[in-house]
Peer 1: 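Okay, handing you the structure first.
Heavy atoms only: backbone and side chains are in, while hydrogens, waters and symmetry mates are out. Within every chain, numbering begins at 1; the chains are lettered A, B, ... in the order of the sequence lines, protein sequences first and strands thereafter.
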Amino acid sequence: KAGVTQTPRYLIKTRGQQVTLSCSPISGHRSVSWYQQTPGQGLQFLFEYFSETQRNKGNFPGRFSGRQFSNSRSEMNVSTLELGDSALYLCASSPQTGAVPGANVLTFGAGSRLTVL
Amino acid sequence: DQQVKQNSPSLSVQEGRISILNCDYTNSMFDYFLWYKKYPAEGPTFLISISSIKDKNEDGRFTVFLNKSAKHLSLHIVPSQPGDSAVYFCAASAWDGDKVIFGPGTSLSVIP
């Protein structure tokens with residue numbers, strides 16, 4: 001069973017540019033979550049999608065956006081990049097639907113390392 | 001406002017001894033708590049979870065304890081092995097589990 005695939009793994013951008021990151025979840029998983037990891041801040045929740053709908057959103061500015069496609073693949077976009085956006089962006093998928101309560105075990109990809117110069 | 005806190009950024013333990021990683025939370029709506037382990041250049045991987053109706057859950061060398069009244073949980077690793085050296089994240093979610101909130105992590109070093 002293939003894991004969560006994130007592309008690209010590494011990328012370098014300059015301030016003011018925009019970037020799009022892609023995530024392919026585990027087959028059959030319909031929930032996709034995105035996190036930003038920076039030193040000392042841990043994993044900051046960006047957003048969560050289920051069946052092409054954003055169900056939850058973290059406390060990030062509107063420059064951060066995302067979407068999910070009908071095949072559950074997801075993309076996130078960051079516009080007008082700032083130096084502080086340099087981070088590891090992690091995508092995670094799960095079979096969680098929310099209809100049945102339970103611990104939501106996320107399976108993470110290896111991440112996309114973004115460097116903003 | 002950090003809802004999940006891990007106040008120890010790092011911890012060093014001798015091989016064979018017990019490792020205790022602590023986590024505190026502020027949101028009383030959390031119903032599920034999870035621990036993840038992360039090696040460099042890899043995504044976090046799930047270790048163990050516990051629901052708020054329990055106070056202990058055990059899986060091999062890993063045991064998680066929950067003190068709901070104190071809003072505190074801990075992960076015990078016994079015995080600690082060098083391969084356990086990683087960053088450990090505590091995480092929590094409400095009953096529907098859609099939004100999982102992570103703490104800042106604790107870097108564990110197990111010294112041979």
Peer 1: If Ile, Leu, Val, Met, Phe, Trp and Tyr residues are connected whenever their side-chain heavy atoms lie under 4.5 Å apart, and connections chain through other members, are A/Val4 and B/Tyr36 in the same group?
Peer 2: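 They do not share one cluster, since no chain of ILVMFWY contacts under 4.5 Å joins A/Val4 to B/Tyr36.
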Peer 1: Can you tell me which of A/Arg9, A/Gln37, A/Lys57 forms the most heavy-atom pairs within a distance under 4.5 Å of chain B?
Peer 2: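 Highest number of heavy-atom pairs under 4.5 Å: A/Gln37.
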Peer 1: Checking an interface table here. Which of residues 66-78 of chain A come within a heavy-atom distance under 4.5 Å of chain B?
Peer 2: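 The list, in residue order, is empty: none.
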Peer 1: Going by heavy atoms in the side chains, are B/Phe102 and A/Leu106 under 4.5 Å from each other?
Peer 2: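 Of all side-chain heavy-atom pairs linking A/Leu106 with B/Phe102, at least one is under 4.5 Å.
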Peer 1: When only heavy atoms count and the cut-off is under 4.5 Å, which of residues 65-83 of chain B reach chain A?
Peer 2: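 Expected list: none.
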Peer 1: A/Leu90 versus chain B, heavy atoms under 4.5 Å apart: side chain, backbone, both or neither?
Peer 2: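 For A/Leu90, side-chain heavy atoms alone lie under 4.5 Å from chain B.
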Peer 1: So which part of B/Pro9 gets closer than 4.5 Å to some heavy atom of chain A, the side chain, the backbone, both or neither?
Peer 2: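 Interface part for B/Pro9: neither.
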Peer 1: Verify the cluster assignment for A/Phe108 and A/Val32: are they in a single hydrophobic cluster under the rule of side-chain heavy atoms below 4.5 Å apart?
Peer 2: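 They do not share one cluster, since no chain of ILVMFWY contacts under 4.5 Å joins A/Phe108 to A/Val32.
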Peer 1: Please flag which part of B/Ser51 lies under 4.5 Å from any non-hydrogen atom of chain A: side chain, backbone, both or neither.
Peer 2: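 Looking at B/Ser51, nothing touches chain A.
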Peer 1: Counting only heavy atoms closer than 4.5 Å, note whether A/Tyr35 contacts chain B via side chain, backbone, both or neither.
Peer 2: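 For A/Tyr35, the contact with chain B is made by the side chain alone.
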Peer 1: Taking CZ in B/Arg61 as the centre, count heavy atoms belonging to other residues, nucleotides or ligands within less than 6.0 Å. Is the count above 12?
Peer 2: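 More than 12 heavy atoms, drawn from other residues, nucleotides or ligands, come within 6.0 Å of this atom.
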Peer 1: Is there a chain of hydrophobic side chains (I, L, V, M, F, W, Y, each step under 4.5 Å between heavy atoms) that links B/Leu108 to B/Ile20?
Peer 2: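 No; tracing contacts between hydrophobic side chains, which count when under 4.5 Å, never links both residues.
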Peer 1: With the 4.5 Å side-chain cut-off for hydrophobic clustering, are B/Leu21 and B/Phe46 part of the same group?
Peer 2: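 Yes, one cluster joins them.
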Peer 1: Side-chain contact test, heavy atoms from C-beta onward, threshold under 4.5 Å: evaluate it for A/Phe45 versus B/Ile101 and give yes or no.
Peer 2: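 Touching, per the 4.5 Å side-chain cut-off.
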Peer 1: Shared ILVMFWY cluster between A/Leu43 and A/Leu114, side chains joined below 4.5 angstrom?
Peer 2: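 Cluster IDs for A/Leu43 and A/Leu114 differ.
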Peer 1: What pair of heavy atoms forms the shortest contact from A/Ala110 to B/Ala41, and how long is it?
Peer 2: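 Looking at all heavy atoms of both residues, the shortest contact is CB-O, 4.3 Å.
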Peer 1: How about A/Ser33 and B/Val100: do any of their side-chain heavy atoms sit closer than 4.5 Å?
Peer 2: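 No, their side chains stay 4.5 Å or more apart.
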